Each structure stands twice: as C-alpha cells, then as structure tokens.
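Source: prediction; values computed, not measured.
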Amino acid sequence: MNKSDAKYTSYNFEFKLRAVTMYLNEQLGYRKVAKRMGIKDPKRVRIWVKNYQQYGEEGLKELRGKTISTKRGRPRKKPLTVEEEKRKLKAENEFLKKFIALKKGKQYGSFLCFYRSFFCYHEENFNCLT
C-alpha cells in the first residue's frame, strides 16, 4: 500500500475528550480504549491523554491551519497601496526617531508607545491592543 493510498481519520474534540475520560475514569489501557472507540492506532489515545494532562481541554483542540504570528503564512501577493506604504514609512520614521532618542537618553513617551508606533501602524496588518 502506497502512502498516497492511505486514508487518514481525523477525530473531533468531543470524540477525543470521550476517549481521554474513558482512559482516566475507567482505568482502561490505551489499547482497550482504542479498541472500544474504533481508533486504529492506540498511540493516538496516549498522545491525547498526554496533551490533556499537560494543557487541559485546549490540548485536544485542532490547531492545524490557525496561525499564531503575523509573520507566518504566505508572503503578501498584493502590494501595499500608496496610502498604506506612506503610513508604513511614517511609522518606520517615528520608530527610528524614538529609538535614537532613547539611545541618547531622551524620553519621548513610554516604551510601549515607542513599540506600538512601529509594529501597530495599521490595525489590519497587526493585532494591536489599542
């Protein structure tokens, strides 16, 4: 059997939680839980139990396809508009001015404002807490 012929089964959150609670509450082994629930590989149950013990219910939720950072994913195909580019360059300018001022010992507002002026120049590009 080729790898391309293999069929993969994905399990939803509720199914994983049932398997984990069966393992923990009924004192069954990984193999017995896998057999009762129709899971092909008992290692799956072991991984779910480990994730549940380490992270709680969040450890059983699907994370594929969800980016955490703005730096992940494909690079932009569509270039910035003139206004967006102008805003970005202004933010970079402010960032550099404040950085130089901080290096010289002058203070222009808090460091948080300094950080946000560069990284949060446009709300659509970055998730800011403003």
Kindly compute the distance separating NZ (K86) from CD (E83), expressed to the nearest 0.5 Å.
8.0 Å
Would you compute the distance between atom CZ of R31 and atom CG of D41 and round it to the nearest 0.5 angstrom?
10.5 Å
Would you say V45 ends up clustered with Y55 if hydrophobic residues are merged whenever their side chains have heavy atoms under 4.5 Å apart, either directly or through other cluster members?
no
Can you give me the closest heavy-atom contact between P42 and A34, atom names plus distance?
CA-CB, 3.9 Å
Those residues at least two apart in sequence (or on a different chain) that pass side-chain hydrogen bond (donor to acceptor under 3.5 Å, both in side chains) with E26 are R36
CG of L80 to CD of E85, rounded to nearest 0.5 Å, is 5.5 Å
Co-membership, hydrophobic cluster, residues M37 and L60, 4.5 Å side-chain
yes
According to a 4.5 Å side-chain heavy-atom criterion applied to Ile, Leu, Val, Met, Phe, Trp and Tyr, with indirect links allowed, do L17 and Y11 form part of one hydrophobic cluster?
yes
Check whether any side-chain N or O of N12 sits under 3.5 Å from a backbone N or O of F15 as a donor-acceptor pair, and report yes or no.
yes
For a quick test of reading the model, state the closest non-hydrogen atom pair linking A19 to V33 and the distance between them.
O-CG1, 3.6 Å
Centroid-to-centroid, W48 to Y23, below 6.0 Å?
no
Here the salt bridge (Lys or Arg N to Asp or Glu O under 4.0 Å) pairs for residues 12-22, sequence neighbours left out, are none
Looking at side-chain heavy atoms only, is the closest gap between Q53 and V49 below 4.5 Å?
yes
If you define the side chain from C-beta out and look only at heavy atoms, does anything of E57 sit under 4.5 Å from F13?
yes
Going by the rule side-chain hydrogen bond (donor to acceptor under 3.5 Å, both in side chains), which residues pair with E58 if we only count those two or more places apart in sequence or in a different chain?
K61
